[in-house]
2 protein chains.
Amino acid sequence: MSPRTPKASDDAALESGRRRATINDIARLAGVSKKTVSRVINRSPSLRPETREKIEAVIARYGYAPDPQARGLAFRRSFLIGLIYDNPNPQYVVNMQLGLLDGMRGSGFELVVHPCDRGSTTLVPDIRSFIERQKLFGVVLTPSVSEDEGVAAMLRETGCEFVRVASVAVDGPDHSIVTQDRHGGMLAGRHLAELGHRRVGFISGPLTFRSSHERRGGFEDGLREHGVTLSPEHVAEGAYTFESGLDGAAKLLALPDRPTAIFAGNDEMAAGALHAARHAGLSVPGDLSVIGFDDFQIASRVWPPLTTIRAPTREIGRLASDKLIGQAGEDKRDPADRLPSLVVRESTAPPRG
Amino acid sequence: MSPRTPKASDDAALESGRRRATINDIARLAGVSKKTVSRVINRSPSLRPETREKIEAVIARYGYAPDPQARGLAFRRSFLIGLIYDNPNPQYVVNMQLGLLDGMRGSGFELVVHPCDRGSTTLVPDIRSFIERQKLFGVVLTPSVSEDEGVAAMLRETGCEFVRVASVAVDGPDHSIVTQDRHGGMLAGRHLAELGHRRVGFISGPLTFRSSHERRGGFEDGLREHGVTLSPEHVAEGAYTFESGLDGAAKLLALPDRPTAIFAGNDEMAAGALHAARHAGLSVPGDLSVIGFDDFQIASRVWPPLTTIRAPTREIGRLASDKLIGQAGEDKRDPADRLPSLVVRESTAPPRG
DNA sequence: GCACGCGCTGACACCGGTGTCCGGCGAGAT
DNA sequence: ATCTCGCCGGACACCGGTGTCAGCGCGTGC
């Protein structure tokens with residue numbers, strides 16, 4: 001255009017998409033300053049509508065999108081969301097990622113994954129350095145690292161946005177999403193009691209996980225509705241792993257007054273319980289009912305297909321990213337979607353006789 | 001220090017870690033220009049060792065790390081690696097992520113996940129916009145999107161580094177990692193033949209996946225070693241899903257000369273085959289041997305535990321990130337780690353009689 | 001003793017955005 | 001018609017790095 005803007009010669013390259021437009025190009029082509037273009041991008045209110053429209057037209061014409069790096073540099077904050085997790089279950093992780101991405105679609109944010117080891121002595125500095133180096137906009141934490149108060153304290157220092165997903169409110173409402181595991185446990189207890197079971201067993205997750213206690217507490221609530229109680233001898237401590245489910249169930253099934261039904265704290269352990277039943281020569285659900293928690297793929301792959309509690313992990317993920325980047329306005333989804341629900345398959349039945 | 005550098009007043013904040021050091025701080029504290037610090041960061045050869053050491057000492061003292069955003073802006077390239085995938089299996093995805101992260105640890109790169117839908121009409125522009133907007137350093141593609149030539153052509157245009165993971169060499173050695181599925185299939189065929197099976201069945205993945213053909217081809221190779229052939233009627237086309245495995249096996253088991261062993265193209269379908277056998281009243285491995293592929297968790301959770309081919313997904317991921325960001329020097333790992341291997345469990349046995 | 005070459009270093013512009021601040025312009029008051 | 005006020009938009013510096021290029025100091029050849 002004018003001799004002061006040498007880049008004008010590249011308009012052909014721009015047009016054809018050979019060169020990505022920058023804010024300078026848009027400003028020049030719209031005949032305004034780059035700051036004004038910036039105002040459009042950032043929805044500044046002090047702009048005459050016609051100016052805005054003119055610039056938006058140019059933006060649309062050249063398919064301009066601001067460079068996240070440059071923007072981030074100026075904002076001192078990137079457009080990245082971190083997922084920090086130590087849950088080793090692949091399906092949980094993937095569902096959570098999908099949920100987060102659901103909420104981030106079209107927002108210009110991207111998802112960076114960051115598995116961690118809660119047992120590591122450098123857990124807090126590692127996460128801190130991840131956040132500060134990348135200047136993350138926000139992070140989502142899932143159990144069990146979400147329950148770590150040392151990590152939480154550090155997060156508050158950094159000024160990075162964060163959401164902690166956990167089975168109880170581990171933080172204020174702005175920083176916490178509750179997965180209502182207690183409700184899920186209740187559904188399991190109610191289901192078994194309604195089938196007529198009176199002697200039931202429970203295989204818990206690790207006691208360091210809040211969800212273990214919530215699921216058990218809810219289970220007892222559900223049983224109690226029907227006058228059934230969970231005897232402490234009928235509780236085995238597991239670790240949310242297949243093997244621990246196998247061992248825990250084997251222990252319970254060896255008792256003289258063995259339970260007629262077992263609630264395993266997750267599907268992995270429930271799968272282990274099915275194996276234990278087989279080893280003990282018991283048929284499921286004839287001799288023993290088994291109910292799991294999560295409704296991951298494995299639940300419908302084992303034999304018999306598992307009755308279980310569906311945990312809405314993907315929906316929770318979506319909720320988490322909505323909370324972080326506040327794409328509000330469409331929060332009219334049915335809150336029931338976020339509640340665990342009972343999925344009845346073939347591993348539960350009334351007790352024999 | 002000098003009045004021209006007002007930031008000198010903040011040294012206390014720097015010292016205590018309240019403020020992150022920038023290249024300007026390091027330059028000032030080391031008494032050099034920022035460009036020289038930049039030379040240290042980028043391992044420029046033209047630096048006197050003593051200068052380098054002096055600067056490195058200051059960097060270490062203040063725990064300085066360059067800002068990836070600023071660096072990226074200047075380099076016109078971010079320090080992000082994208083994982084582009086359309087494989088819906090959670091364990092594959094997570095293993096791949098873990099492998100990629102293994103190779104990226106300590107490199108300053110981060111992993112951004114980007115699931116996609118190969119069926120989408122906007123697949124290519126979507127991926128392109130992801131890459132260009134974020135100015136990705138590189139991307140890793142996994143099957144089946146890795147086999148898409150339209151995507152590959154676009155990648156070559158962008159100048160972004162890329163690695164395509166596939167069961168055959170879909171690209172030159174710089175851009176391709178081969179998973180040797182054929183070898184895995186061969187192991188399956190050899191195993192069944194060695195057990196004495198002569199009438200065997202195969203449930204393939206979708207024919208649009210190269211791995212389906214590779215696994216079958218290898219299977220036939222393995223059988224042939226022992227003079228066994230795969231009859232075309234004993235092949236069912238599946239879709240790598242549980243249900244398709246169930247259906248495929250049901251079809252094969254309904255044949256008058258039903259096979260005594262079935263190789264399913266992956267574990268999901270093998271789990272379906274186990275269910276089909278149960279529905280048909282057949283015991284595994286007594287009446288029917290079943291072998292899968294992948295060795296995901298499900299393989300050891302079903303009953304009986306599945307004999308399967310272990311696919312070294314995590315190792316492949318590690319290889320991919322090594323190739324992308326070239327943290328060479330430690331490429332002395334046993335190449336056998338990258339080959340599929342046979343895992344014998346309880347779902348295979350010699351045919352009855 | 002001087003010109004030359006080379007290795008090392010720094011000044012400056014630039015990457016593509018945003019914050020600050022100030023000037024210009026139109027509408028309403030006098 | 002002029003002054004004032006408020007809104008709008010632009011010039012400029014800055015975010016934290018890197019590329020370019022010129023200059024400095026030093027050793028070498030003649």
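The chains referred to below are lettered A, B, ... by the order of the sequence lines, with proteins before strands, and numbering in each begins at 1.
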Atom pairs, N/O to N/O, protein against nucleotides 5-7 of chain C, distance under 3.5 Å?
none

Quiz item: Who passes salt bridge (Lys or Arg N to Asp or Glu O under 4.0 Å) against B:Lys135, sequence neighbours left out?
Solution: A:Asp67

Self-check item: Of the listed nucleotides D:dG16, C:dG10, D:dT18, the one nearest the side chain of B:Phe75
Solution: D:dT18

Quiz item: For B:Arg77, which residues count as a salt bridge (Lys or Arg N to Asp or Glu O under 4.0 Å) partner, sequence neighbours excluded?
Solution: none

Exercise. Could you tell me which non-hydrogen atom of A:Ser78 sits nearest to which non-hydrogen atom of A:Leu136, and how far apart they are?
Key: OG-CA, 3.6 Å

Quiz prompt | Nearest listed nucleotide, side chain of A:Ala74, among C:dG10, D:dG17, D:dC15 | solution = D:dC15

Practice problem: Let me know the distance between CD1 of B:Ile41 and P of D:dG17, rounded to the nearest Å. | Solution: 6 Å

Practice problem: Check whether any side-chain nitrogen or oxygen of B:Thr51 sits under 4.0 Å from OP1 or OP2 of C:dT9, and answer yes or no. | Solution: yes

Quiz item: With A:Arg314, which residues qualify under side chain to side chain donor-acceptor pair (under 3.5 Å), at least two apart?
Solution: A:Asp102

Quiz prompt | Nucleotide nearest B:Arg71 (side chain, heavy atoms from C-beta), chosen from D:dG9, D:dT18, C:dG17 | solution = D:dT18

Exercise. Figure out the CG/P separation between A:Asn42 and C:dG19, and round it to whole Å.
Key: 7 Å

Quiz prompt | Test side chain to side chain donor-acceptor pair (under 3.5 Å) applied to B:Arg71 - qualifying residues, sequence neighbours left out | solution = B:Asn42

Quiz item: Between the axis at one end of the helix from C:dG1-D:dC30 to C:dT30-D:dA1 and the axis at the other (five pairs apiece), what's the angle to 10 degrees?
Solution: 60°

Quiz item: Given C:dC8, C:dG19, D:dG17, which nucleotide is nearest the side-chain atoms of B:Arg48?
Solution: C:dC8

Self-check item: Interatomic distance where CD belongs to B:Glu50 and C1' belongs to D:dC26 [whole Å]
Solution: 13 Å

Quiz item: Quick one: which of D:dG9, D:dG16, C:dG10 gets closest to the side chain of A:Leu73?
Solution: D:dG16

Quiz item: Could you give all pairs that pass the ring-ring contact (aromatic ring centres under 6.0 Å, His included) test and reach residues 34-62 of chain B, with sequence neighbours left out?
Solution: none

Could you list the protein-to-nucleotides 21-27 of chain C atom pairs, N/O on both sides, closer than 3.5 Å?
none

Self-check item: Selection residues 136-148 of chain B - residue pairs positive for side-chain hydrogen bond (donor to acceptor under 3.5 Å, both in side chains), sequence neighbours left out
Solution: B:Asp86-B:Ser144, B:Arg118-B:Ser144, B:Arg118-B:Asp148

Quiz prompt | Pair listing, ring-ring contact (aromatic ring centres under 6.0 Å, His included) test, anchored in residues 103-158 of chain A, at least two apart | solution = A:Phe79-A:Phe109, A:Phe109-A:Phe137, A:His114-A:Phe130

Quiz item: Reckon B:Val37 touches a base, only the sugar-phosphate, or nothing at all at heavy-atom distances under 4.0 Å?
Solution: nothing

Quiz item: For A:Phe162, which residues count as a ring-ring contact (aromatic ring centres under 6.0 Å, His included) partner, sequence neighbours excluded?
Solution: A:His175

Self-check item: salt bridge (Lys or Arg N to Asp or Glu O under 4.0 Å) partners for A:Arg76, two or more places apart
Solution: none

Quiz prompt | Closest to the A:Lys35 side chain, choosing from D:dG10, C:dG16, D:dG17 | solution = D:dG10

